[in-house]
*Asks:* 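Supplied in structure tokens, the structure appears directly below.
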Amino acid sequence: MLVIGNIPEFRAARAALQGRVGLVPTMGYLHEGHLALVRQAVAENDHVAVSIFVNPTQFGPTEDFNSYPRDPERDLQLLREAGGALVFMPPVSEMYPPGFQTYVEVTGVSQGLEGARRPGHFRGVATVVAKLFNIVQPDRAYFGQKDAQQVAVIQRMVADLAMPLQIVVVPTVRAADGLALSSRNSYLTPEQRQAAPVLYRALMAAKALFDSGNKSPEALRQAMCDVLNSEPLAQVDYVSAADASTLVELDSPTDRPILLSMAVRIGRTRLIDNLVLS
Ligand code: PAF
């Protein structure tokens with residue numbers, strides 16, 4: 001496995017590869033959710049590149065950039081086992097050298113939900129992902145459904161800017177009790193970790209309502225809120241039932257797929273989760 005921290009060396013290693021290249025962009029502190037992306041990329045491509053970069057431009061000034069969990073040695077060991085052959089692990093100065101002043105901004109789909117609560121977040125995501133695509137030149141790039149709005153923003157960017165690659169979306173990996181895997185789960189105390197599957201239970205309650213024939217978006221949002229409010233440690237940031245492709249909040253039933261999503265604080269940890277109903 002090659003581990004490279006600078007762009008010219010990475011480009012040289014990439015140029016030597018024949019066949020299809022899959023990219024898995026990550027911020028490290030890898031878990032089974034990331035490894036599912038890597039395994040799928042290994043199965044579908046001739047070579048797999050993984051980037052590990054905690055991207056400062058997607059964190060707000062009061063967010064957890066400095067405390068975001070990092071364990072590069074463990075990440076590299078996991079990648080050796082999963083088969084990621086080429087790892088790009090640049091320092092911040094390589095991605096954002098002095099004088100950097102170009103950003104990618106996707107409008108529409110990046111504005112509601114997470115975008116409304118985390119100003120600048122998707123501008124940072126789109127910028128770093130576009131730069132990674134330019135550096136790695138992948139045929140396919142792999143993202144988790146857990147970050148549904150991130151997927152929508154990246155798909156929009158790729159379509160709008162005619163980027164020559166395919167975006168592959170991989171289902172959310174969950175713990176046995178339903179909690180979606182996330183590097184930020186490591187912030188939870190044991191008591192908070194026990195409370196955290198309430199997000200999944202809320203999604204399941206709304207799905208049960210939908211499956212029973214109640215397709216009212218307001219009823220779906222209420223069903224999620226009722227479950228979340230039954231957990232004393234959970235503080236709801238938002239719940240949403242939106243059109244799954246435009247991410248516009250729904251006010252009446254639709255035949256199009258619905259994205260149920262939420263952000264919930266448990267202690268100081270902000271968790272997100274989602275489910276598509278169709
Ligand atoms: O999903 C993530 O881990 C990050 O947002 C990404 C796509 C690696 C960009 O920094």
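Numbering of ligands and ligand atoms starts at 1, following listing order. Residue numbers count from 1 along this sequence.
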*Asks:* Tell me: protein heavy atom nearest atom 3 (O) of ligand 1, and distance?
*Replies:*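 Its nearest protein heavy-atom neighbour is Met27 CG, 3.6 Å.
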*Asks:* Is it the case that the side chain of His121 and the backbone of Gln58 share a donor-acceptor pair, with hydrogens and angles ignored and the cut-off at 3.5 Å?
*Replies:*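 Flag set: sc His121 to bb Gln58 pair under 3.5 Å.
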*Asks:* When you compare ligand 1 with Gln58, is there at least one nitrogen or oxygen pair between them that comes in under 3.5 angstrom?
*Replies:*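 Yes - when backbone and side-chain N and O of Gln58 are compared with those of ligand 1, one distance drops under 3.5 Å.
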*Asks:* Just jot down the ligand 1 atoms closer than 4.0 angstrom to any heavy atom of Val128, in number order.
*Replies:*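 Answer, ordered by atom number: 9 (C), 10 (O).
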*Asks:* Just to confirm my output: which protein heavy-atom neighbour is closest to atom 1 (O) of ligand 1, and how far is it?
*Replies:*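 Going atom by atom, the protein heavy atom closest to atom 1 (O) of ligand 1 ends up being Gln150 NE2, 2.8 Å.
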*Asks:* Going by the atom numbers of ligand 1, which of them fall below 4.0 Å from some non-hydrogen atom of Thr26?
*Replies:*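 Atoms satisfying the 4.0 Å criterion: 8 (C).
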*Asks:* Against heavy atoms of Pro25, which atoms of ligand 1 measure under 4.0 Å?
*Replies:*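 Matching atoms, with element in brackets: 8 (C).
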*Asks:* Suppose we call two aromatic rings close when their centres sit under 6.0 Å apart. Are Phe59 and Tyr68 close by that rule?
*Replies:*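 Between Phe59 and Tyr68, the centre distance is under 6.0 Å.
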*Asks:* Taking atom types as modelled and ignoring hydrogens, do the side chains of Gln192 and Thr269 form a donor-acceptor contact shorter than 3.5 angstrom?
*Replies:*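 Result is no, nothing qualifies.
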*Asks:* Phe100 vs Tyr96 aromatic rings, parallel, tilted or perpendicular, using cut-offs 30° and 60°?
*Replies:*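 It falls in the perpendicular class, over 60°.
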*Asks:* Enter the distance from Gln150:CD to Gln145:CD here, rounded to the nearest 0.5 Å.
*Replies:*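 Nearest 0.5 Å value for the CD-CD distance: 11.0 Å.
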